[in-house]
Amino acid sequence: MTVTNGADGLNGRNGADSSDGADGGDRPDAGGARCRIDVDSDGAYSWRVVAQNGRVVAVSARPFGEYGSCRSAFEALCRGRAQLAGAVQHTAGGNGWMWLLRDAEGGVVAVSARPYERHSTCRAAGQRFRALLTGMVEVTGSCP
């Protein structure tokens with residue numbers, strides 16, 4: 001796992017590349033995926049999952065006050081992946097689709113890193129992220 005200060009512009013919420021219309025034909029390989037924890041200028045921590053191709057595929061749904069809390073939240077996400085409910089909805093601006101994952105209590109725990117033009121592409125990206133979580137347990141140098 002890597003901690004950055006957000007200087008690379010990818011602080012987990014708005015730095016994902018959205019120049020192409022899909023996540024591409026290459027499916028993320030969990031062997032190269034990693035979890036990064038960033039800290040913003042206010043001292044809040046958030047996690048993001050970066051695929052082998054360098055694309056940010058998912059971000060934490062909320063910031064955390066401490067590094068340990070952020071890391072624990074991602075580890076809980078990986079462990080509880082089978083119980084997560086998925087959904088696809090319009091973005092806040094209504095200009096695309098986003099996927100999200102909810103925990104057993106209904107709280108949003110992970111969201112897509114960018115909007116998608118098509119509902120079907122968004123749904124498929126969310127499913128690929130869920131599959132990626134399965135392999136994250138075995139990723140060296142990442143959460144967990």
Side-chain angles (χ1 to χ4, degrees), residues 1-6 8-40 44-144:
M1 177 173 331
T2 305
V3 177
T4 62
N5 64 4
D8 61 0
L10 297 175
N11 64 3
R13 294 208 178 20
N14 56 14
D17 176 15
S18 59
S19 59
D20 62 0
D23 268 346
D26 297 333
R27 294 196 175 185
D29 178 3
R34 61 199 181 279
C35 172
R36 298 187 67 132
I37 293 183
D38 302 313
V39 58
D40 67 18
Y45 295 88
S46 60
W47 59 260
R48 60 185 161 116
V49 173
V50 182
Q52 183 178 10
N53 64 5
R55 182 171 306 220
V56 179
V57 295
V59 297
S60 57
R62 66 177 191 90
F64 298 89
E66 298 177 357
Y67 170 86
S69 298
C70 186
R71 182 179 176 118
S72 294
F74 185 78
E75 291 170 347
L77 176 76
C78 290
R79 282 190 312 272
R81 65 190 173 275
Q83 290 78 36
L84 299 174
V88 174
Q89 65 185 36
H90 277 288
T91 59
N95 60 347
W97 298 94
M98 63 181 283
W99 59 260
L100 53 89
L101 295 177
R102 294 183 184 275
D103 60 17
E105 291 80 37
V108 178
V109 293
V111 296
S112 56
R114 65 178 186 88
Y116 294 85
E117 289 183 20
R118 295 185 177 96
H119 183 277
S120 60
T121 305
C122 183
R123 186 180 65 241
Q127 290 169 344
R128 284 193 302 273
F129 175 67
R130 289 171 74 95
L132 188 64
L133 282 178
T134 302
M136 292 297 286
V137 174
E138 301 170 4
V139 177
T140 305
S142 182
C143 290

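Distance OG/S69 to CZ/R62: 7.5 Å, rounded to 0.5 Å. Taking CZ from R34 and CD from Q52, the interatomic distance works out to 9.5 Å, rounded to the nearest 0.5 Å. Residue Q89 holds its CD atom at 10.0 Å from NE2 of H119, rounded to the nearest 0.5 Å. For the atom pair CH2 (W97) and SG (C122), the distance works out to 8.5 Å, reported to the nearest 0.5 Å. One finds the CG atom of N95 at 10.0 Å from the CD atom of E117 (value rounded to the nearest 0.5 Å).
Among all heavy-atom pairs drawn from R130 and L84, the shortest one is NH2-O, 2.9 Å. Looking at every heavy atom in both residues, V57 comes nearest to W99 through O-CZ2, 3.4 Å. Residues V50 and R36 approach most closely at CG2-CD, 3.9 Å, considering heavy atoms. Listed here is the closest heavy atom pair of V108 and A61: O-CB, 3.2 Å. A pairwise comparison of heavy atoms in A113 and A58 identifies CB-N, 4.0 Å as the closest pair. Counting all heavy atoms, side chain and backbone alike, G86 lies closest to L101 at CA-CD2, 3.8 Å.
Ring pair W47/F129 is parallel by interplanar angle, where below 30° counts as parallel and above 60° as perpendicular.
A heavy-atom distance below 4.5 Å is found between the side chains of F74 and V49.
In this structure, R71 contributes its side chain and I37 its backbone to no donor-acceptor pair below 3.5 Å.
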